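Since the model is a prediction, treat every value here as computed from it, not as a measurement. We count residues from 1, following the sequence as given. In each ligand, atom 1 is the first atom listed, and ligand 1 is the first ligand listed.
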Amino acid sequence: MTPCTKLTDLPAFGELRALAAALQSTAIEDLLRDQHERATSYCREAAGLHLDFSKQLLDAAALAALIALAEQARLPARARALLAGDEVNNTEARPALHSLLRAPAAPPGLEHAFAAVSDTRARMRDWAERLNQGRHSGYAGQAITDVVNIGIGGSDLGPRLVSGALKAFHDNIACHYVANVDPADLQDTLLELDPATTLFIVCSKSFRTEETLSNALAARDWMLNAGAAPADLDKHFLAITTNLEAAAEFGISRDNCLPMWDWVGGRYSVWSAVGLSCAIAIGWEHFEAFLGGAAAMDAHFATAPVADNLPMLMSLLEVWNCNLLGAGNHVVLPYDQGLARLPDFLQQLTMESNGKRVAADGTALDYDTGPVLWGSAGTMGQHSFHQLLHQGTRPCPADFILPLTTHTGMARQHRRLVANCLAQSRALLVGRSEEAARTSLLARGLDEAEAARLAPHLVMPGNRPHSVISFEAVTPHSLGALIALYEHRTFCSGQLWGINPFDQWGVELGKEISSSILARMDDDAPRPGLDAATERLLQAWRRAQR
Ligand code: F6P
């Protein structure tokens, strides 16, 4: 793929700067009032998802310039190149073919890789059905009832999100997730479980990740200590990995290993065998519907013009807010308890992808890339960090995620959740003027002087830009589409910033230093090479062990 032009060198960027400066003093509420069609014309639909960006701080001229920016960055051609398997990851010389994992048929030229994907899907289906139908027994002859996925980062966050979001679709097997190297994570999980009826999925693309391997070893000890013979371990351990040798060394036979490929990034891998725990949790048909939702988003991404293309528009809004309106962060607010893990998942997806300081050609960038992403499920955040959204000094562009129905059958209570979501969105838009604050204080019985003193504290400037993504219900299909939407938005933003969103060299340094510190922990004598502050903490740890 041809290298990207730097964002600030794209011809439309200069025009966008001028438009952004002019819009800084514009009220979004006025735009909504003056542009009669705005509430509908600043909305788009794809794959069952509805994007409303009418409450973003932009007008028709800014939108047109952003669309021109996307054309100048050749986003449509870059999207097609991604989906066709071009080498988009230039530092590791690889394509990024997560879309192939959910493709209904082999795209031209990718038949060989698709055959491997189909074969793996058949094996996943077999495991999901065998387990849910009680046809797989442990060392004591009892059917497996619980599956524990041991993995971290992309080998944990996606499967954990999907299993948690789709509880209404769960089949017979209960799935659990262990990620942290803190032994408490594994210990707390195992407390509830019976070794005779538990199966572990050791999920690690590299099969070298410290957290996953140490948890997997501890799980193996737990199983052996409970009475399983080494020959029984195959009844209780599966591996998902590209590193079959390391899995075999651990003691997992080839029949129990499902493959990963180096053309899938960890944070984009939930569609592969990394998602096996979800396929087991929700059953194979629902997992196929999940893949189908993502495939529908892929088809839209590949074909829709920029002006209608949800991932491209969301990426343009990200760049607009970050590089032109000065926002350094982005908050995601799912109004659905099942989607509580969505911000965690999106943190890895967006920040591991786009937290980069050099362009794809290695030259230093002089503009910001990926903003800090954070958030939590509504309504909890309303009673904590929403204070900063409404009255803080920094702009925090937001995505509200709003399923319109609930699977709980408790429609009356769900109305309250929806009302809260709409209220927060409206409060961010309109805020409260000093006059309105004063009037409400007077209405509460305060005298003029006290009302005037307190009114400034009750003022909210409003005009906080945000989008609302709504859909009928959280289903396997809508969740697949939603995750794929954010994946493609992340890719497009990476292209606009001119970076490679598919490597993650930044996380590797921490792994290297952690193994070198681990190697010193048994040794009392200070050794050269560590800074004084780290050495002092190491000594404190040694003393605490005595
Ligand atoms: O530490 C970051 C990372 O490399 C992620 O990119 C990846 O998702 C995670 O570790 C887990 O890696 P693996 O699947 O190889 O264990």
Side-chain angles (χ1 to χ4, degrees), residues 88-89 91-98 101 120 124 148-163 177-182 185-186 200-220 237-250 252 256-278 341-356 370 373 483 486-487 490-491 494 499-518:
V88 289
N89 178 350
T91 58
E92 295 175 306
R94 292 171 188 166
L97 270 172
H98 37 285
L101 298 167
T120 305
M124 289 171 70
V148 182
N149 186 80
I150 299 180
I152 197 162
S155 297
D156 168 71
L157 291 164
R160 198 191 280 259
L161 163 67
V162 175
S163 292
Y177 293 85
V178 171
N180 199 336
V181 75
D182 183 339
D185 195 5
L186 181 71
F200 293 95
I201 300 178
V202 185
C203 195
S204 175
K205 182 178 166 184
S206 61
F207 223 86
R208 276 199 290 266
T209 303
E210 183 196 340
E211 291 89 337
T212 301
L213 293 189
S214 59
N215 276 323
L217 285 169
R220 189 173 68 178
F237 281 86
L238 301 181
I240 316 294
T241 187
T242 55
N243 190 348
L244 295 174
E245 291 70 34
E249 226 169 88
F250 179 90
I252 301 177
N256 282 21
C257 290
L258 281 83
M260 264 283 277
W261 302 277
D262 64 6
W263 42 259
V264 187
R267 53 194 175 273
Y268 299 88
S269 66
V270 66
W271 326 98
S272 72
V274 165
L276 178 61
S277 59
C278 324
R341 294 261 174 196
L342 184 66
D344 294 356
F345 171 81
L346 293 178
Q347 281 186 332
Q348 189 201 17
L349 175 65
T350 63
M351 297 203 281
E352 201 172 59
S353 296
N354 287 339
K356 306 285 165 64
L373 187 144
I483 295 175
Y486 275 99
E487 284 180 350
T490 301
F491 168 74
I499 60 182
N500 174 5
F502 295 113
D503 59 13
Q504 59 283 319
W505 302 103
V507 297
E508 304 300 336
L509 177 64
K511 290 187 190 175
E512 281 167 33
I513 298 180
S514 134
S515 359
S516 79
I517 290 183
L518 191 62

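Side-chain contact between Ile152 and Glu210: absent, with no pair of heavy atoms (C-beta onward) separated by less than 4.5 Å. Between Val264 and Val274 there is no side-chain heavy-atom pair separated by less than 4.5 Å. By the 4.5 Å heavy-atom criterion applied to side chains, Glu249 and Phe207 are not counted as neighbours.
The atoms of ligand 1 that sit less than 4.0 Å from any heavy atom of Ser204 are 13 (P), 14 (O), 15 (O), 16 (O).
Scanning the protein for heavy atoms near atom 6 (O) of ligand 1, the closest one is Glu352 OE1, 3.0 Å. Given atom 11 (C) of ligand 1, the protein heavy atom at minimum distance is Ile152 O, 3.2 Å. Taking atom 13 (P) of ligand 1 as the reference point, the nearest protein heavy-atom neighbour is Thr209 OG1, 3.3 Å. Taking atom 15 (O) of ligand 1 as the reference point, the nearest protein heavy-atom neighbour is Ser206 OG, 2.6 Å.
Minimum heavy-atom separation, Ser277 to Pro159: OG-CB, 3.5 Å.
The NZ atom of Lys205 sits 8.0 Å away from the OG atom of Ser269 when rounded to the nearest 0.5 Å.
Heavy-atom proximity to atom 3 (C) of ligand 1, evaluated over Glu508, Lys511, Arg267, Glu210, is greatest for Lys511.
When Glu352, His98, Gln347 are each tested for a side chain to side chain donor-acceptor pair (under 3.5 Å) with Arg267, only one passes: Glu352.
Taking the centre and axis of the six-membered ring of Phe502, the NZ or CZ atom of Arg94 falls outside the cone set by 45° and 6.0 Å.
Counting heavy atoms under 4.0 Å from ligand 1, residue Arg208 does not touch it at all.
For Gln348, the closest heavy-atom approach to ligand 1 falls below 4.0 Å.
Remark: ligand 1 and Gly154 share an N or O pair separated by less than 3.5 Å (distance only, no angle test).
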